[in-house]
Amino acid sequence: MTHHPETSVAETDVETTSGAVRGYVTDTARVWRGIPYAAAPVGELRFRAPELPHRWQGVRDATQFGAIPPQEIPRGITAPASSDVTMDEDCLTINVIAPRGRRHEKPLPVLVYIYGGAYTSGSAALDVYDGSRLVERGEVVFVSFNYRLGALGFLDLSSFSGIGRRFDTNVGLRDQVRALEWVRDNIAGFGGDPSNVTLFGESAGGISVTTLMTVPQARGLFARAIAQSPAVAAAYEPERAEGTARDFLDILNVLESHTTEVLGRVPAEEFVEASADLKERRVRKFPGTMTFSPVIDGDFLPRRPAEVFAAGEAHPIPLIIGTTDREGALFARMGETIPTTVPMIELMFAQTDPSKRDDVIAAYPDYPGRRAATDIGGDVIFWHPTVEAAEGHSQAAPTYMYRYDFAPRLLRMLRMGATHATELPAVFGTLDSRAAKALTTVGGRSQLASLSERMQQHWLSFAQQGTPMKDWPAYEASARSTKIFDSEDRVENDPRAVRRRAWRGYQNYR
């Protein structure tokens with residue numbers, strides 16, 4: 001972004017609940033980065049719910065992204081936007097972009113984004129997540145933040161709490177709630193309206209959105225929600241979470257009796273390495289589940305989000321929810337991360353709901369062909385739970401369903417189609433990001449730009465008024481109207497009805 005030193009710094013000086021911060025100004029926006037929203041989760045605070053940040057004196061520089069959470073070194077399109085971004089456990093920081101020259105006018109709608117990455121990778125510093133275009137087009141305030149990942153954020157060690165040390169549940173999810181509380185308490189100073197917050201996220205960020213819609217402590221912290229490719233059912237019982245934790249301790253070679261003393265001093269890098277080993281071990285043992293995920297702890301997260309949505313009992317706020325056309329195609333090229341091979345699919349049905357196997361397989365006529373296997377994996381994790389969540393939530397609040405079908409020439413050549421995460425450049429308008437450039441290597445940039453304009457109109461209209469544009473009808477069980485985003489958008493009623501009926505009633509719970 002372009003800095004303008006001739007502009008008065010007072011324009012970006014904001015007082016927060018922890019002290020004053022100073023950002024910078026671009027041609028169109030005021031930008032703040034790396035503001036602590038919680039105390040560093042280190043030492044005694046490792047594996048604990050986030051605490052309020054310590055106050056600082058004077059004006060804190062807020063022009064650089066904070067450290068990203070410990071994870072495998074990101075490369076390529078998943079590397080941070082800036083080369084000076086470091087990696088550290090002290091990573092709980094938040095970023096704000098607001099329109100330029102709007103400081104004392106009417107408060108603006110706020111968009112808060114949660115990044116994805118299977119709860120093991122990602123950060124708010126990726127260039128594809130730059131909210132500047134949304135701010136410029138929509139007169140909104142954009143917020144993003146980092147939260148703890150992998151074992152440090154989504155391993156449930158609560159059953160191993162011992163004398164002198166307690167391990168809390170769902171600490172990565174609690175980070176997200178703390179960030180939303182920071183928005184509630186501080187965003188007015190940046191020109192935002194704390195009563196008009198739209199929470200949106202993709203993949204693990206989408207799971208976070210749907211999960212937070214069932215977290216009592218998050219009620220009232222956001223007024224609208226957009227869940228892109230959420231695996232709604234990816235939250236598990238304490239018994240399964242405890243088994244995951246035991247496997248992790250085994251990989252680290254930590255005796256259960258020594259858990260509380262040892263886990264406090266193990267370097268973060270060792271947790272990252274062990275997390276990768278754990279994912280490989282668990283995904284082969286339990287295909288169709290996530291290794292790191294929220295846990296139903298009976299307190300912070302009392303019930304399965306999928307069941308809460310099915311009952312129409314999630315927070316009654318307007319919701320946009322949807323998936324890409326072929327969610328599984330990306331994962332089929334990444335090893336056994338979701339069940340996209342015949343052995344993994346057969347094991348998944350054997351472990352979960354054998355009686356549904358024949359019904360589902362019949363809905364994919366070329367099974368055991370590769371394309372059908374890939375689509376079963378994408379549908380069981382993403383599409384089927386999303387359809388069921390939309391159906392349930394439509395009883396409680398306005399709900400809007402979409403499917404993203406746009407596949408530039410490269411994705412068609414690779415026989416992937418519109419797959420997981422390919423809608424991100426369109427939503428953010430980040431056409432110069434590494435992800436967008438990769439997707440349009442052999443053409444499609446102008447079509448992507450046009451589609452981005454349309455998607456952003458819908459996302460911004462929803463943030464401003466609670467409804468997308470008028471050509472997108474609400475989702476109801478009678479018609480199941482679904483917006484299809486493509487080179488030319490359309491609305492379809494009950495797309496893939498045969499598959500939907502085949503999956504109905506499938507139980508993926510273990």
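This one's a predicted model, so the numbers in the text were calculated from it and none came from an experiment. Every heavy atom of this structure was used, including side-chain atoms; hydrogens, water molecules and symmetry mates were not.
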Undergrad: Regarding Arg499 and Asp375, does a basic nitrogen lie under 4.0 Å from an acidic carboxylate oxygen?
TA: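 A salt bridge links Arg499 with Asp375.
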
Undergrad: Any chance CD of Glu492 has more than 12 other-residue heavy atoms, nucleotides or ligands included, within less than 6.0 Å?
TA: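 Result for CD/Glu492: enclosed.
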
Undergrad: Any side-chain to backbone donor/acceptor pair from Gln64 onto Gly34? Under 3.5 Å, distance only.
TA: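 Judged by distance alone, no pair lies under 3.5 Å.
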
Undergrad: To the nearest 0.5 Å, tell me how far Ile345 CD1 sits from Thr340 OG1.
TA: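 Atom-to-atom, Ile345:CD1 and Thr340:OG1 are 7.0 Å apart.
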
Undergrad: Would you confirm whether Ser433, through its side chain, and Ala436, through its main-chain N or O, come within 3.5 Å as a donor-acceptor pair?
TA: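 Side chain of Ser433 to backbone of Ala436: a pair is present.
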
Undergrad: Within the side chain of Asp325, is there an N or O that forms a donor-acceptor pair under 3.5 Å with the backbone of Thr419?
TA: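 Not a single qualifying donor-acceptor pair exists.
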
Undergrad: Can any side-chain N or O of Arg33 pair as donor or acceptor with the backbone N or O of Val96 at less than 3.5 Å?
TA: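 Answer holds: no.
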
Undergrad: Do NZ/NE/NH1/NH2 and the carboxylate oxygens of Glu237 and Arg240 come within less than 4.0 Å?
TA: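 Salt bridge flag = no for Arg240 with Glu237.
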
Undergrad: When you check the side-chain N and O atoms of Ser450 and Glu453, is any donor under 3.5 Å from an acceptor?
TA: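 Ser450 vs Glu453: no donor-acceptor pair found between side chains.
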
Undergrad: Go through it in stages, so that I can follow the logic: the residues are Phe292 and Lys279, the test is side chain to side chain contact (heavy atoms under 4.5 Å, CB included), and I'd like the CA-CA distance, side-chain angles, deciding distance and then a yes or no.
TA: CA-CA 8 Å; Phe292 296 102; Lys279 272 180 79 172; 4.0 Å; yes

Undergrad: Side chain to side chain contact (heavy atoms under 4.5 Å, CB included) between Val491 and Thr482: does it pass, once the steps are laid out?
TA: CA-CA 5 Å; Val491 173; Thr482 303; over 6 Å; no

Undergrad: Do Val31 and Val25 have side chains that approach each other closer than 4.5 Å (heavy atoms only, starting at C-beta)?
TA: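 With C-beta onward as the side chain, the pair stays apart.
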
Undergrad: Rounded to the nearest 0.5 Å, how far apart are CZ of Phe349 and OH of Tyr506?
TA: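 Rounded to the nearest 0.5 Å, the CZ-OH separation comes to 5.5 Å.
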
Undergrad: With heavy-atom distances below 4.5 Å as the criterion, would you say the side chains of Phe309 and Glu388 are in contact?
TA: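 They are not in contact (no side-chain heavy atoms under 4.5 Å apart), so the answer is no.
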
Undergrad: Are Asn146 and Ser123 close enough that a side-chain donor and a side-chain acceptor fall under 3.5 Å?
TA: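 Looking only at side-chain atoms, Ser123 and Asn146 do not form any donor-acceptor pair under 3.5 Å.
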
Undergrad: Which heavy atom in Val143 sits nearest to a heavy atom in Ile187, and how many Å separate them?
TA: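 Closest approach of Val143 to Ile187, heavy atoms only: CG2-CD1, 3.7 Å.
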
Undergrad: Backbone N or O of Leu460 within a donor-acceptor pair of the Arg137 side chain at under 3.5 Å?
TA: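 A pair under 3.5 Å: no.
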
Undergrad: Just to verify, which of Tyr402, Tyr404, Trp459 counts as forming a side chain to side chain donor-acceptor pair (under 3.5 Å) with Gln228?
TA: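 Only one of Tyr402, Tyr404, Trp459 forms a side chain to side chain donor-acceptor pair (under 3.5 Å) with Gln228, namely Trp459.
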
Undergrad: Check for me whether the distance between the ring centres of Tyr129 and Phe142 falls short of 6.0 Å.
TA: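 No, the ring of Tyr129 stays outside the 6.0 Å limit from the ring of Phe142, centre to centre.
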
Undergrad: Can you tell me how far the OG1 atom of Thr422 sits from the CG atom of Leu330, to the nearest 0.5 Å?
TA: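 Rounded to the nearest 0.5 Å, the OG1-CG separation comes out at 8.5 Å.
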
Undergrad: Whether the side chain of Ser275 engages the backbone of Phe271 through a donor-acceptor N/O pair (distance < 3.5 Å, no angle test) should be reported.
TA: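 Present.
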
Undergrad: Asp494: what forms a side chain to side chain donor-acceptor pair (under 3.5 Å) with it, not counting sequence neighbours?
TA: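 Partners of Asp494 under the side chain to side chain donor-acceptor pair (under 3.5 Å) test: Arg500.
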
Undergrad: Tell me, please, which residues at least two apart from Lys285 pass side chain to side chain donor-acceptor pair (under 3.5 Å).
TA: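 Lys285 satisfies side chain to side chain donor-acceptor pair (under 3.5 Å) with Asp247 once adjacent residues are dropped.
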
Undergrad: We want to know whether Asp130 and Thr430 form a side-chain donor-acceptor pair, criterion being a heavy-atom distance below 3.5 angstrom.
TA: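 Looking only at side-chain atoms, Thr430 and Asp130 do not form any donor-acceptor pair under 3.5 Å.
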
Undergrad: CD1/Ile338 to CE/Met348 distance, rounded to the nearest 0.5 angstrom?
TA: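 Answer rounded to 0.5 Å: 9.5 Å.
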
Undergrad: Between Asp353 and Ser355, is any side-chain donor less than 3.5 angstrom from a side-chain acceptor?
TA: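 Side-chain D/A pair, Asp353 to Ser355: present.
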
Undergrad: Say whether, by atom type as modelled, one donor and one acceptor occur between the side chain of Ser461 and the main chain of His458 under 3.5 angstrom.
TA: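 No: the side chain of Ser461 does not pair with the backbone of His458.
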
Undergrad: Report the residues that fulfil salt bridge (Lys or Arg N to Asp or Glu O under 4.0 Å) with Arg454, sequence neighbours left out, ordered by chain and then residue number.
TA: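 Asp489.
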
Undergrad: When the side chains of residues 365-372 are checked against the rest of the protein, which donor-acceptor pairs come out under 3.5 Å, sequence neighbours left out?
TA:
from: Tyr367; atom 1: OH; to: Glu346; atom 2: OE2; distance (Å): 2.9

Undergrad: Any donor-acceptor pair under 3.5 Å linking the side-chain atoms of Ser203 with those of His420?
TA: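 Their side chains do contain a donor-acceptor pair, which is all the 3.5 Å distance test asks for.
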
Undergrad: With distance as the sole criterion, is a donor-acceptor pair present between the side chains of Gln447 and Ser487 under 3.5 Å?
TA: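 Present: a donor and an acceptor within the cut-off.
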
Undergrad: Quick test of your reading of the model: are Arg490 and Asp405 salt-bridged, counting only N-O distances below 4.0 Å?
TA: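 Yes, this pair counts.
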
Undergrad: Hydrogens and angles aside, do Tyr364 and Asp379 bring a side-chain donor and acceptor to less than 3.5 Å of each other?
TA: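 Present: a donor and an acceptor within the cut-off.
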
Undergrad: Of the options Thr244, Thr291, Thr289, which is the one that meets Arg282 in a side chain to side chain donor-acceptor pair (under 3.5 Å)?
TA: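 When Thr244, Thr291, Thr289 are each tested with Arg282, the side chain to side chain donor-acceptor pair (under 3.5 Å) holds only for Thr244.
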
Undergrad: Identify each donor-acceptor pair in which a side-chain atom of residues 465-478 lies under 3.5 Å from a protein atom, sequence neighbours left out, and give them as a table.
TA:
from: Asp471; atom 1: OD2; to: Lys483; atom 2: NZ; distance (Å): 3.0
from: Trp472; atom 1: NE1; to: Met401; atom 2: O; distance (Å): 3.1
from: Tyr475; atom 1: OH; to: Arg480; atom 2: NH1; distance (Å): 3.0

Undergrad: If I take atom CZ from residue Arg304 and atom OG1 from residue Thr214, how far apart are they, to the nearest 0.5 angstrom?
TA: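 Interatomic distance, Arg304 CZ to Thr214 OG1, rounded to 0.5 Å: 11.5 Å.
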
Undergrad: Could you check whether any side-chain N or O of Gln395 sits under 3.5 Å from a backbone N or O of His393, counting only pairs where one atom can act as donor and the other as acceptor?
TA: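 Judged by distance alone, no pair lies under 3.5 Å.
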
Undergrad: Mark yes or no for whether Thr120, through its side chain, and Gly117, through its backbone, hold a donor-acceptor pair below 3.5 Å.
TA: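 Answer holds: yes.
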
Undergrad: Could you tell me if the ring centre of Phe485 sits under 6.0 Å from that of Phe406?
TA: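 That pair fails the under 6.0 Å test.
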
Undergrad: Show the numbers, then the answer: is there a side chain to side chain contact (heavy atoms under 4.5 Å, CB included) between Leu319 and Met213?
TA: CA-CA 10 Å; Leu319 172 69; Met213 287 178 67; 3.9 Å; yes

Undergrad: Return the set of residues passing side chain to side chain donor-acceptor pair (under 3.5 Å) with Lys356 (not counting sequence neighbours), or none when no residue passes.
TA: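 Lys356 satisfies side chain to side chain donor-acceptor pair (under 3.5 Å) with no other residue.
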
Undergrad: Do the two ring centres, one from Tyr115 and one from Tyr147, sit under 6.0 Å apart?
TA: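 Here the rings of Tyr147 and Tyr115 have centres that are less than 6.0 Å from each other.
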
Undergrad: Distance check, rounded to the nearest 0.5 Å: Tyr37 atom OH versus Asn95 atom CG?
TA: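 Rounded to the nearest 0.5 Å, the OH-CG separation comes to 10.5 Å.
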
Undergrad: If you measure from the Lys or Arg side-chain nitrogens to the Asp or Glu carboxylate oxygens, is any gap between Arg445 and Asp432 under 4.0 Å?
TA: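 Yes, this pair counts.
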
Undergrad: Do any N or O atoms from the side chain of Arg224 and from the backbone of Ala463 form a donor-acceptor pair under 3.5 angstrom?
TA: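 A pair under 3.5 Å: yes.
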
Undergrad: Between Glu423 and Arg403, is there a salt bridge with N-O shorter than 4.0 Å?
TA: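 No, no charged N to carboxylate O under 4.0 Å.
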
Undergrad: Could you tell me if the ring centre of Tyr113 sits under 6.0 Å from that of Phe428?
TA: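 Yes, close enough.
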
Undergrad: For a side chain to side chain contact (heavy atoms under 4.5 Å, CB included) check, start with the C-alpha distance between Glu391 and Arg504, then their side-chain angles and the critical distance, and finish with the verdict.
TA: CA-CA 12 Å; Glu391 180 179 343; Arg504 180 178 283 284; 3.2 Å; yes

